[in-house]
Student: 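Below: one structure in structure tokens.
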2 protein chains.
Amino acid sequence: MTLSETQQKAARARLCRVGLRPTRQRVALAGLLFGGNDRHVTAEQLHGEAMARGIKVSLATVYNTLHQFNNVGLLREVVVDPSRSYFDTNVSHHHHFYFEGESRLQDVPGHEIAIDSLPEVPKGSEVSRVDVIVRLRARPGSSDR
Amino acid sequence: MTLSETQQKAARARLCRVGLRPTRQRVALAGLLFGGNDRHVTAEQLHGEAMARGIKVSLATVYNTLHQFNNVGLLREVVVDPSRSYFDTNVSHHHHFYFEGESRLQDVPGHEIAIDSLPEVPKGSEVSRVDVIVRLRARPGSSDR
DNA sequence: ATTTGTGCAAATCGTTTGCATCTGA
DNA sequence: TCAGATGCAAACGATTTGCACAAAT
């Protein structure tokens with residue numbers, strides 16, 4: 001099924017707010033990304049999802065769009081896996097669990113990890129962001145529960 | 001110039017200790033990596049350096065070797081840049097500064113970043129590692145000082 | 001002798017780009 | 001109208017792989 005009327009409106013508004021033209025594919029992708037809960041997507045995933053919903057977008061456009069969204073702050077790129085890029089729809093202050101076996105991300109609310117005592121930052125630099133990645137592996141002797 | 005006798009010995013010993021055959025190229029690469037201070041290298045960099053020193057190694061072997069070293073704990077892969085993999089010769093507990101403009105890493109001693117209050121880890125998982133990456137950008141209005 | 005590693009070149013894979021065509025304002 | 005987007009296919013760059021050859025035990 002396709003996106004609801006309301007989702008379209010919201011997506012359109014969101015795009016205008018950040019100065020991006022609400023083109024058909026951008027509106028559709030924004031709808032998928034921001035229509036529900038927070039998500040962590042790769043370009044391939046999102047493209048696949050769009051196809052499945054009958055939205056016609058090329059993979060190249062998905063890549064472009066993800067980067068554009070990232071640039072204007074609608075998304076945040078998460079670097080955890082050297083082989084793939086993840087984009088997080090949650091752009092507020094938070095960190096991540098990364099399930100190494102499953103290549104899956106999960107948010108950790110920012111307040112649940114307190115960093116006290118950042119080291120002195122080198123002269124001429126300023127902190128752009130602090131990423132904390134808690135890498136997890138399946139606990140041996142536990143069938144997932 | 002080539003590696004010193006002592007460095008060769010040390011490299012050989014290090015390899016045997018972790019159960020890797022001390023082949024010519026592994027000994028040479030280990031010599032480059034562990035001969036001096038801690039370093040953050042990419043495969044291309046290390047390969048270039050080897051060539052410059054007249055060590056004959058193929059890029060493929062450099063990749064293989066880096067991964068083998070990583071697997072046995074001689075190196076630690078640092079994921080900060082979606083386009084390249086870095087390997088750190090410092091495998092002790094520590095974190096990183098990442099200079100976004102220059103694609104350069106710098107160690108931050110583990111004790112200089114204290115994380116108090118890790119969130120509850122999902123059932124069936126255990127922490128494999130916690131990575132903290134402090135992303136830095138040049139401070140505007142500062143010619144690097 | 002047997003096992004393991006190496007080099008090369010080709011293959012892969014995610015991602016980016018050039019360019020002709022389309023589309024939204 | 002016309003700047004800005006899109007799609008496609010080709011280009012790309014980092015990494016991996018298959019296989020014949022070489023080296024270590």
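A note on names: the letters A, B, ... follow the listed sequences, proteins ahead of strands, and every chain is numbered from 1. Both backbone and side-chain heavy atoms feed into the values below; hydrogens, waters and symmetry mates do not. If you're wondering where the values come from, they're calculated on a predicted model, not measured in any experiment.
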Student: Between D/dC8, C/dC8, C/dA25, which one does the side chain of A/P22 approach most closely?
Tutor: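 The listed nucleotide nearest to A/P22's side chain is C/dA25.
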
Student: From the set D/dT15, C/dT6, C/dG24, return the single nucleotide nearest to any side-chain atom of B/T61.
Tutor: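 From the listed options, C/dT6 comes nearest.
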
Student: Can a side chain N or O of A/T23 be found less than 4.0 Å away from OP1 or OP2 on D/dT6?
Tutor: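 Answer yes for this pair, as a side-chain N or O of A/T23 is under 4.0 Å from OP1 or OP2.
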
Student: Less than 4.0 angstrom from a charged side-chain N to a carboxylate O is my criterion; do B/R76 and B/D38 meet it?
Tutor: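 No, no charged N to carboxylate O under 4.0 Å.
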
Student: Kindly give the heavy-atom pair with the smallest separation between A/R39 and A/T89, and that separation in Å.
Tutor: N-OG1, 2.7 Å

Student: Grab the NZ-P distance between A/K56 and D/dT6 for me, whole Å please.
Tutor: 14 Å

Student: Return the value, rounded to whole Å, for the distance between atom CZ of A/R26 and atom C1' of C/dG24.
Tutor: 11 Å

Student: Provide, to the nearest angstrom, the distance between the CD atom belonging to B/Q45 and the C1' atom belonging to D/dG13.
Tutor: 15 Å

Student: Are the ring centres of B/F87 and B/H67 closer than 6.0 Å?
Tutor: yes

Student: Touch check for A/H67, heavy atoms < 4.0 angstrom, all strands: base, sugar-phosphate only, or nothing?
Tutor: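 It contacts sugar-phosphate atoms only.
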
Student: Check DNA chain C against residues 72-87 of chain A and give the residues with a non-hydrogen atom under 4.0 Å, in numerical order.
Tutor: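 Of all residues in residues 72-87 of chain A, the ones placing a heavy atom under 4.0 Å from DNA chain C are A/S83, A/R84, A/S85.
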
Student: So B/L74 and B/L33, do their side chains get closer than 4.5 Å, heavy atoms only?
Tutor: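 They are not in contact (no side-chain heavy atoms under 4.5 Å apart), so the answer is no.
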
Student: Quick one: B/I55 CD1 to C/dG5 P, roughly how many Å, whole number?
Tutor: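 Taking atom P of C/dG5 as the reference, CD1 of B/I55 is at 19 Å.
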
Student: Give the rounded distance in Å between these two atoms: CG of A/L66 and P of D/dA5.
Tutor: 15 Å

Student: Reckon A/R21 has a side-chain N or O less than 4.0 Å from the OP1 or OP2 of C/dT23?
Tutor: no

Student: If you only use heavy atoms from C-beta on, which nucleotide in C/dG5, C/dT16, D/dG7 is closest to the side chain of A/S58?
Tutor: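 Within the option list, the nearest is D/dG7.
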
Student: To the nearest angstrom, how far is B/L20 atom CG from C/dT3 atom P?
Tutor: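 Taking atom P of C/dT3 as the reference, CG of B/L20 is at 19 Å.
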
Student: What is the distance, to the nearest angstrom, from the CD atom on A/E44 to the P atom on C/dG14?
Tutor: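 Atom CD in A/E44 sits about 5 Å away from atom P in C/dG14.
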
Student: About how many Å separate CZ of B/R24 and CD1 of B/I55, when rounded to the nearest 0.5 Å?
Tutor: 9.5 Å

Student: Short question: side chain of B/Y98, backbone of B/D81 - any donor-acceptor pair under 3.5 Å?
Tutor: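 Pair absent, no side-chain N/O of B/Y98 close to backbone of B/D81.
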
Student: Picking from D/dA5, D/dG7, C/dA9, which would you name as closest to the side chain of A/Q25?
Tutor: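 It is D/dG7.
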
Student: Given atom NE2 of B/H47 and atom C1' of C/dC8, what is their separation to the nearest angstrom?
Tutor: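 From B/H47 NE2 to C/dC8 C1': 11 Å.
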
Student: Shared ILVMFWY cluster between A/F97 and A/V132, side chains joined below 4.5 angstrom?
Tutor: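 They do share one cluster, since a chain of ILVMFWY contacts under 4.5 Å joins A/F97 to A/V132.
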
Student: Taking only the side-chain heavy atoms of A/R24 (C-beta and beyond), determine which of C/dT17, C/dT15, C/dG24 contains the nearest atom.
Tutor: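 Nearest to the side chain of A/R24 among the choices is C/dG24.
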
Student: Would you mind telling me which of D/dA14, D/dA5, C/dG5 lies closest to the side-chain atoms of B/Y63?
Tutor: D/dA14

